[in-house]
Amino acid sequence: MTIDFWGLGLQAINFLILVWLLTRVFWRPVAAAIVARQTAARSLLNEGKSLQAKADAALAEVAEIRAGMAAEREALLAKAATEAETATKAVLAEARDKADKLIAAAELARKRDAEAARAREAARSAELAVDIARRLLDRLPREEVQAAFLDLLVKALTEMKPQDRAALQGAREGIELVGPTDLEAAEQARIAKAVQTALGGPAKLRFVTEPELIAGFELRTSHFVLHNSWQADLDAILKELKHAA
Amino acid sequence: MDSPLDSVALFHIGPVAITQAILTTWAIMAVLVLGAYLLSRNLVLMPSKRQAALELIVSTIDIQIRETTGAEPAPYRGFIGTLFLFILVANWSSLLPGVEPPTATLETDAALAVLVFLSVIWFGVRGTGWGGYFRSFAAPNPVMIPLNMMESITRVFSMFVRLFGNVMSGVFVIGIVASLAGLLVPIPLMALDLLTGLVQAYIFAVLAMVFISATVEDGRPETADADPSTPSREMER
Amino acid sequence: MDYLSIASIFCAAFAVSFGALGPALAEGRAVAAAMDAIARQPEAGNTISRTLFVGLAMIETTAIYCLVIALLLLFANPLLG
């Protein structure tokens, strides 16, 4: 048995060449392919994970937006409700105002009507009073009534202040003495005398007849009127009545 | 009957006698390199069946390296994988009629054993430096240095004889049976040879890997082992 | 044929026969132990059978050594020249 060392060396070299060639064309490329696929798979996995995270984020965003929309809708609804409420309130207030105005106008009209009615009533009551007074007067003796009124006139003149009396006495155009009926001369003289005595001096007297007085005497100058008649009394009563109403 | 221990030179190139084993080796090399080149020409990300088969081979060898030694397979993959593939194809080449496997000759197996011996040195020095390589002889303790030096030679010699004996005996037995009984009778023996060839290729590659990784591990400084009773620390003292 | 050749042939047969004995027993034990282990742990069957094959090959190597010695005696006996 012999070992051929040349053959041994040649086989060793052959095997080394085989190792070199196979490493170049087989081991390294295939291992690199395995590693490349592993890294690719890992990167794909990572990418998928990141994509999923992104999708989750988008989903959350959509949910958020949806919630925001709901909130906005609620806000809009609330706003619309408040607006409607205010509008209704405004309309109501307006209507109430209008109604109030209408009521006030009606009240005013009613008052005016009542006023007119009262005025009519007053006028009628005045006529009635005048009527009553005339009738009452008809029942009384005229001379006595006139005498009473003359007394009252005298009394009023005497109660006047002296300077007024003097002014009345000294009235240039004279004093009108108004009576309800035409007086006879005697009567006129008597009355003039009584007035002049009351005035404390002579005075120009003119007698005027006015049936509206019903009864009584009145003194009139251009500046001054002394009411002393039933008509004046009735007027005063009527005025008071109106005031009371 | 020819001696199975001798090989006949077909012709000479210079001083080198070209035997049939060398020719077969060249043919196997051509087949392996061309096949590997053609099969792994266009590797893509989505593997076809062909590429999946190639990757299965590579990942199987990686797994074996990782399981037997725990080392990262990348630096050893080329040498160990080629060792396994070459021995496997060479063993199985006896199936072709008229072809005697190159591993059934002394020269091829001796060359492989010598290469394993040199690769142990190469990887040991590359892994831990010359100091680390020489330190690996002192494991588990310095008393073992002569024994370890002897072992480093005898283990590769043992590998050499194991591979040669197994393959050669298969070929030899088949030859004897064929010469006695003729056709069809050697077929069960050839089937057994298939198994033997696979197991021998696997054993050869795994043993080479174990020797290499043992040298690299033993050559490491004591940082790898925290145990104070570690032999490497005793040696450091 | 001298005695040396006869002794060489005899020793070759002796080496192979006794070299086959030990590994045969050892392989029997190894396979029996492996079967036992697989029966206990069927899920570890892959690893066990792989280790079994490697171990069988290792054991067989001793028989192969004997065969190589026998072949050396027969075909490359240095004493026979």
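Below, read A as the first sequence line, B as the second, and so on, with proteins coming before strands; counting in each chain starts at 1.
- Residues of residues 53-65 of chain C lying under 4.5 angstrom from chain B, judged on non-hydrogen atoms, are C:Phe53, C:Val54, C:Ala57, C:Met58, C:Glu60, C:Thr61, C:Ile64, C:Tyr65 in numerical order.
- Within residues 21-40 of chain C, no residue has any heavy atom closer than 4.5 Å to a heavy atom of chain B.
- Remark: B:Ser213 pairs with no residue by the side chain to side chain donor-acceptor pair (under 3.5 Å) rule, at least two apart or across chains.
- For residues 184-198 of chain B, a heavy-atom distance under 4.5 Å to chain C picks out B:Leu195, given by residue number.
- With a 4.5 angstrom heavy-atom cutoff, C:Leu71 touches chain B via backbone and side-chain atoms both.
- When the candidates B:Met168, B:Gln64, B:Gln200, B:Glu67 are compared by the number of heavy-atom contacts under 4.5 Å with chain C, B:Gln64 comes out ahead.
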